[in-house]
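Here is the structure we will look at, set down as structure tokens.
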Amino acid sequence: MKFFIDTANLDQIREANALGILDGVTTNPSLMAKEGIRGEANVLQHYVDICNIVSGDVSAEVLSVDYDGMIAEGVRLAALHPQIVVKVPCTRDGIRAIKWFTDNKIKTNCTLVFTVGQALLAAKAGATYVSPFVGRLDDISSDGIALVAAIVEVFDYYGYDTQVLAASIRTTQHIIQCIEAGADVATCPLSSILGLLNHPLTDKGVEIFVRDAAKME
Ligand code: E4P
């Protein structure tokens with residue numbers, strides 16, 4: 001399973017990249033705004049800065065909600081850097097735009113996916129990634145991981161190449177569940193990725209080995 005980091009914070013992206021296990025980055029307008037990025041020129045430069053840190057795919061989301069706007073914006077974003085993946089919401093105009101991007105060899109991430117039906121439409125339009133939102137479904141007492149598992153099963157059954165990118169990951173346990181569900185990618189906050197390292201027996205084992213190593217000097 002690939003690991004993307006879900007942030008627009010350059011320091012966190014550098015920290016995750018330094019681990020040597022980072023496969024890409026996802027951003028969204030909320031994450032960009034949180035970093036105080038304002039104005040088109042700064043937004044575009046920020047995506048380039050992210051691409052210069054990591055070697056994998058970087059999702060940059062369109063702000064337009066209409067088809068023509070999405071196409072114009074997506075073309076501009078894709079031209080920024082070969083690593084850019086144009087992130088498009090799973091709406092009627094969004095699905096049409098994804099089909100256009102597919103036909104024009106531009107990679108896409110279909111975002112805000114909450115049902116298997118939406119995921120199937122995105123796959124049929126040729127999306128590179130489809131992003132089911134795990135945490136936001138859990139927030140409304142639904143089962144986000146069950147959706148990830150269902151999409152994986154449907155894509156496997158019909159042989160779609162679209163990768164299942166589990167998004168809205170809130171916890172380390174979500175990551176474990178995504179692995180078990182067969183997600184192709186999980187995009188996670190840095191804290192959830194680092195949480196995978198936590199085990200008291202590992203800490204205790206290191207402590208014992210360090211103590212015993214001193215006896216070997
Ligand atoms: C990433 O692609 C999504 O935009 C992000 O994971 C959404 O996360 P949230 O539901 O925590 O805002």
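Both backbone and side-chain heavy atoms feed into the values below; hydrogens, waters and symmetry mates do not. First listed ligand is number 1; within each ligand, the first listed atom is number 1. The first residue in the sequence is number 1, and the count goes up from there.
- Cluster partners of Tyr129, using a side-chain heavy-atom cutoff of under 4.5 Å among ILVMFWY residues and allowing indirect links, are Phe4, Val85, Leu165, Val185.
- Atoms of ligand 1 found under 4.0 Å from any heavy atom of Thr26, numbered from 1 in the order shown, are 1 (C), 2 (O).
- Residue contact check: Lys87 has heavy atoms under 4.0 Å from atoms 1 (C), 2 (O), 3 (C), 4 (O) of ligand 1.
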Donor-acceptor pairs under 3.5 angstrom involving side-chain atoms of residues 44-54: please list them, not counting sequence neighbours.
{"unit_1": "Gln45", "atom_1": "NE2", "unit_2": "Asp49", "atom_2": "OD1", "d": "2.8"}
{"unit_1": "His46", "atom_1": "NE2", "unit_2": "Ala8", "atom_2": "O", "d": "2.7"}
{"unit_1": "Asn52", "atom_1": "ND2", "unit_2": "Val48", "atom_2": "O", "d": "3.4"}

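- Side-chain atoms of Asp184 do not come within 3.5 Å of backbone N or O of Gln163 as any donor-acceptor pair.
- Considering backbone and side-chain atoms alike, Asp6 places an N or O below 3.5 Å from some N or O of ligand 1.
- Remark: ligand 1 atoms within the under-4.0 Å shell around heavy atoms of Asn28 are 3 (C), 4 (O), 5 (C), 7 (C).
- The N/O atoms of Arg170, backbone and side chain alike, include one that comes under 3.5 Å of an N/O atom in ligand 1.
- Checked by atom type and distance alone, the side chain of Thr108 never pairs as donor or acceptor with a backbone atom of Cys110 at under 3.5 Å.
- A salt bridge links Arg170 with Asp139: the distance from a Lys NZ or Arg NE/NH1/NH2 to an Asp or Glu carboxylate oxygen falls below 4.0 Å.
- For atom 8 (O) of ligand 1, the nearest non-hydrogen atom of the protein is Ser168 CA, 3.5 Å.
- Every atom of ligand 1 with a heavy atom of Arg136 under 4.0 Å away is listed here by number and element: 7 (C), 9 (P), 10 (O), 12 (O).
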